[in-house]
There are 2 protein chains.
Amino acid sequence: MKLLEIIKSLSNETRLNILEWLKDPFNHFPEEELSEYTPELGVCVSDIAKKAGMSIPTVSDYLKTMSAANILIATRRGQWTYYRRNEKSIQELSEFIKNKL
Amino acid sequence: MKLLEIIKSLSNETRLNILEWLKDPFNHFPEEELSEYTPELGVCVSDIAKKAGMSIPTVSDYLKTMSAANILIATRRGQWTYYRRNEKSIQELSEFIKNKL
DNA sequence: CAGGTATTTAGATAATTACCTAAATTTGTA
DNA sequence: TACAAATTTAGGTAATTATCTAAATACCTG
């Protein structure tokens, strides 16, 4: 649990938003763009970038930062990279703050 | 609960350290410097700056940032400003991450 | 009120982060 | 193999954050 790295990965409004959107993708991404979506995989980079209204490279980097911190999980499937939340890590973060911080 | 403001206030190694030190001041600050210490009040700016090995203005600003985010509580007592943890807010943060984030 | 101590505010520069475009890479497909 | 789509990597500038010194405030005390 690298607390500082995790906190830094969350210290940006767009990255926090992404985490919230991924909590309920069907509610936040147009269904037709989720054709490939399964909860197993998550949402692909370009759909997230479109929703965020930011460039794909920027969002790609955000997502990489968050998976490096283990808050998101990336799955490459063909030419797409899907990202989903790492619920276990998020709960661990909550517990760490509750008991150790 | 301004999540982003709170997270930003914690996204710095020294500020995280301060929060941990304040969890148990007697263990982290020389007793003679805590002569005025009571758990009611916390620890004063210059003691924290000395422990952090940073300048007083820098640490003063850190502490201000963290109290603005409501993670610390400041009490002015004469010429000293004492800072202590806001345990309630820290627990709220943990709960927010657990349930809402 | 004068001097002293603690803190805060101002003002600067260095370092880091944000975020873009262009180029390179990866993978599917004709 | 060659082209197209998705993503990542590079490289650059703008914005923010880090952190210092100097100056200004606050408050105590004789």
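Just so you know, these numbers use all the heavy atoms, side chains as well, and skip hydrogens, waters and symmetry mates. Residue numbering restarts at 1 for every chain, and letters A, B, ... go by the order of the sequence lines.
- Close to D/dT17, at under 4.0 Å from its OP1 or OP2, lies no side-chain N or O of B/Arg15.
- When the side-chain nitrogen and oxygen atoms of B/Ser55 are compared with OP1 and OP2 of D/dC20, one or more of them lie within a distance under 4.0 Å.
- Note: CH2 (B/Trp80) to C1' (D/dT25) measures 16 Å, nearest angstrom.
- Atom C1' of nucleotide C/dT26 and atom OH of A/Tyr82 are separated by 15 Å, given to the nearest angstrom.
- Distance CG (B/Asn17) to P (D/dT19): 12 Å, rounded to an integer number of Å.
- The side chain of B/Arg76 has C/dT7 as its nearest neighbour among C/dT7, C/dG28, C/dA10.
- Comparing A/Thr58 and B/Pro57, the nucleotide of DNA chain C nearest to each residue sits closer to the 5' end for B/Pro57.
- Between A/Arg77 and B/Ser60, the residue anchored nearer the 5' end of DNA chain C, judged by the nucleotide with its closest heavy atom, is B/Ser60.
- For B/Val45, whose side chain is taken as the heavy atoms from C-beta onward, the closest listed nucleotide among D/dT19, C/dT7, C/dT9 is C/dT7.
- For the pair B/Ile56/B/Val45, a side-chain contact is recorded, criterion being any heavy-atom separation below 4.5 Å from C-beta on.
- Across all strands, A/Asp61 comes closer than 4.0 Å to no nucleic acid atom at all (heavy-atom distances).
- Looking at A/Asn17 and A/Glu13, their side chains come closer than 4.5 Å, going by heavy atoms from C-beta outward.
- Across the protein-nucleic acid pair, B/Leu4 atom CG and C/dA18 atom C1' stand 13 Å apart, rounded to whole Å.
- Separating the CD1 atom of A/Ile56 from the P atom of D/dA4 is a distance of 17 Å, rounded to the nearest angstrom.
- Considering only side-chain N and O atoms, A/Asn12 lies under 4.0 angstrom from the phosphate OP1 or OP2 of C/dA18.
- One interatomic measurement links the two molecules: CD of A/Glu13 to P of C/dA18, which rounds to 12 Å at whole-angstrom precision.
- Distance, B/Tyr62 OH to C/dT7 P: 17 Å, rounded to whole Å.
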(Q) Run the side chain to side chain contact (heavy atoms under 4.5 Å, CB included) test on A/Leu101 and B/Glu20 for me, step by step, so that the C-alpha distance in whole Å, both residues' side-chain angles and the decisive distance to 0.1 Å come before the verdict. (A) CA-CA 6 Å; A/Leu101 181 61; B/Glu20 286 167 9; 3.8 Å; yes
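- B/Ile90 is listed as a side-chain neighbour of A/Ile97, based on a closest heavy-atom distance under 4.5 Å.
- Using a 4.0 Å heavy-atom criterion, one finds that A/Ser46 contacts the sugar-phosphate atoms exclusively.
- The listed nucleotides are D/dC27, C/dT9, C/dT27; the one nearest the side chain of B/Lys64 is C/dT9.
- Using a 30° and 60° split on the angle between ring planes, A/Phe29 and A/Trp21 fall in the perpendicular class, above 60°.
- The B/Gln79 side chain lies nearest to D/dC27 when the options are D/dC27, D/dT8, C/dA18.
- When heavy atoms are screened at a 4.0 angstrom cut-off, A/Thr81 is found touching the sugar-phosphate backbone but no base atom.
- Summarising the geometry, the separation between CD1 on B/Ile18 and C1' on D/dT19 is reported as 13 Å, rounded to the nearest angstrom.
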